[in-house]
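What follows is one structure encoded as structure tokens, with my remarks underneath.
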Number of protein chains: 2
Amino acid sequence: MKLADAKQQFISSWGAFGTHWGINRTMAQIHALLLVSVSPITQDDIMEQLSISRGNVNMNIRDLIGWGLVERIIITGERKEFFTAEKDIWKVATQIIKERKKRELDPMIRLLAQLENIDDDKKDKDVKQFIEVIRGIKKLGGQADKVLGAMVNAEENWFTGSMLKMFK
Amino acid sequence: MKLADAKQQFISSWGAFGTHWGINRTMAQIHALLLVSVSPITQDDIMEQLSISRGNVNMNIRDLIGWGLVERIIITGERKEFFTAEKDIWKVATQIIKERKKRELDPMIRLLAQLENIDDDKKDKDVKQFIEVIRGIKKLGGQADKVLGAMVNAEENWFTGSMLKMFK
DNA sequence: ATCAACTTTCAATATATTTTGAAAGTTCAG
DNA sequence: CTGAACTTTCAAAATATATTGAAAGTTGAT
């Protein structure tokens with residue numbers, strides 16, 4: 001397979017993969033393009049490579065920067081801005097996890113904590129079951145939170161280290 | 001907070017949460033409703049509680065059964081079908097992980113394996129970087145696959161056991 | 001075998017999300 | 001200060017996704 005074809009397929013598949021996880025297809029595609037670009041590229045490069053509009057590129061780049069996955073690069077003597085993505089996949093993964101944890105997991109756990117406080121009769125079957133389900137999800141969320149938090153803050157890179165040996 | 005209000009908020013939030021993870025809002029809501037229902041309920045019950053059409057309920061219930069999260073219950077003497085959801089959150093989580101792994105993670109890893117085979121000059125900077133990124137993602141995916149596979153097949157329930165103690 | 005009760009399907013419709021592109025905003029060299 | 005180069009914004013348009021509801025299909029009691 002030729003490099004150009006492989007790149008294209010990677011970008012396209014990464015975009016499709018993203019949509020299955022609640023991530024805008026174009027945002028994932030731009031990220032993929034930046035991942036496989038050796039040097040920083042401009043908005044015009046992205047527009048051309050992915051055949052999308054300037055506005056679309058601009059908004060999605062902004063989001064990617066907000067996710068901490070892409071960096072704006074100013075090259076002296078150049079008028080245009082350049083963009084580049086973190087290439088270390090371990091760092092990319094921990095960054096994505098950190099953000100999703102903050103944006104989605106933590107707020108959900110906070111909400112569940114509130115829903116536990118039911119005024120009605122605690123002996124009622126319905127109330128019991130409801131509280132049990134909420135507690136269960138909260139507990140699971142809390143554990144995921146802890147494991148992922150440890151992963152994100154780990155000194156050792158679990159990727160290269162032996163942390164995950166036990167699951168072989 | 002009253003039970004009825006808490007239930008409503010749970011259903012609504014769970015639906016919103018689902019959409020952030022690529023899951024149909026209504027499917028997540030039906031699942032939430034079944035989670036907090038003590039006894040099996042019918043399509044009509046779901047239609048009424050969530051104010052949605054029969055077709056919508058039917059299709060999403062079918063998907064939920066496909067995900068292994070909901071069961072069809074035949075009650076002797078009743079003409080209508082009833083539905084119920086697994087309430088053990090650990091089982092729910094492993095089932096969801098098992099399915100997403102099968103549907104999304106495994107195919108992606110297979111694809112990446114193909115993209116590694118580049119015909120062009122392996123010494124070329126672009127080729128090198130591309131292969132490195134693909135390898136990195138494949139490795140990460142493989143590790144996630146292993147850890148999640150272990151979690152799904154674990155004899156011990158990590159939820160109640162001490163498996164996750166080390167992350168406290 | 002009939003028919004009422006119930007379930008399933010899917011084309012049409014509605015809704016939500018994404019994308020565009022032109023106008024407004026910003027920056028900076030001369 | 002001016003204006004060309006570039007970036008950002010956002011209302012309108014396009015597209016993708018979800019929902020409806022009525023017709024077709026199935027089931028089982030009589």
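Order of the sequence lines sets the chain letters (A, B, ...), proteins ahead of strands, with each chain counted from 1.
Here C/dC28 presents its C1' atom at 13 Å from CD of A/Glu81, a figure rounded to the nearest Å. Following rounding to the nearest Å, B/Asp63 (CG) and D/dA18 (C1') show an atom-to-atom distance of 12 Å. The nearest whole Å value for the distance from the CG atom in B/Asn58 to the C1' atom in C/dC6 is 11 Å. Taking atom CD1 of residue B/Ile23 and atom P of nucleotide D/dA18, one finds them 11 Å apart after rounding to whole Å. In this structure, the NZ atom of A/Lys80 is 14 Å from the P atom of D/dT8, given to the nearest Å. In this structure, A/Met47 places its CE atom 12 Å from C1' of D/dC6, rounding to the nearest Å. Between A/Asn56 atom CG and D/dA12 atom P there is a gap of 19 Å when expressed in whole angstrom units. Counting to the nearest Å, the C1' atom of D/dA5 and the CG atom of A/Asp44 are 11 Å from each other.
Phosphate proximity of C/dT19 to A/Thr26: present, with a side-chain N or O under 4.0 Å from OP1 or OP2. Contact annotation: B/Arg54 side-chain N/O to C/dA5 OP1/OP2 distance is not under 4.0 Å. Between B/Arg72 and the phosphate of C/dC6, there is no side-chain N or O to OP1/OP2 separation shorter than 4.0 Å. Of the side-chain N and O atoms in A/Arg25, none sit less than 4.0 angstrom from OP1 or OP2 of D/dT15.
Environment of NZ in A/Lys123: sparse, with no more than 12 heavy atoms of neighbouring residues, nucleotides or ligands closer than 6.0 Å. Heavy atoms of other residues, nucleotides or ligands lying less than 6.0 angstrom from NZ of B/Lys139 number more than 12. Within a 6.0 Å radius of NZ in A/Lys101, other residues, nucleotides and ligands contribute more than 12 heavy atoms.
A donor and an acceptor atom sit less than 3.5 Å apart, one in the side chain of A/Arg79 and one in the base of C/dT27.
Under the 3.5 Å distance criterion, with hydrogens and angles disregarded, no donor-acceptor pair is assigned to the side chains of B/Asn56 and B/Ser53. For the residue pair B/Trp158 and A/Gln143, no side-chain donor N or O sits within less than 3.5 Å of a side-chain acceptor on the partner.
When each of B/Val57 and A/Gln43 is assigned the nucleotide of DNA chain D with its nearest heavy atom, A/Gln43 is the one assigned upstream, toward the 5' end. Comparing B/Ser53 and A/Met59 along DNA chain D, the residue whose closest nucleotide (by nearest heavy atom) sits nearer the 5' end is A/Met59.
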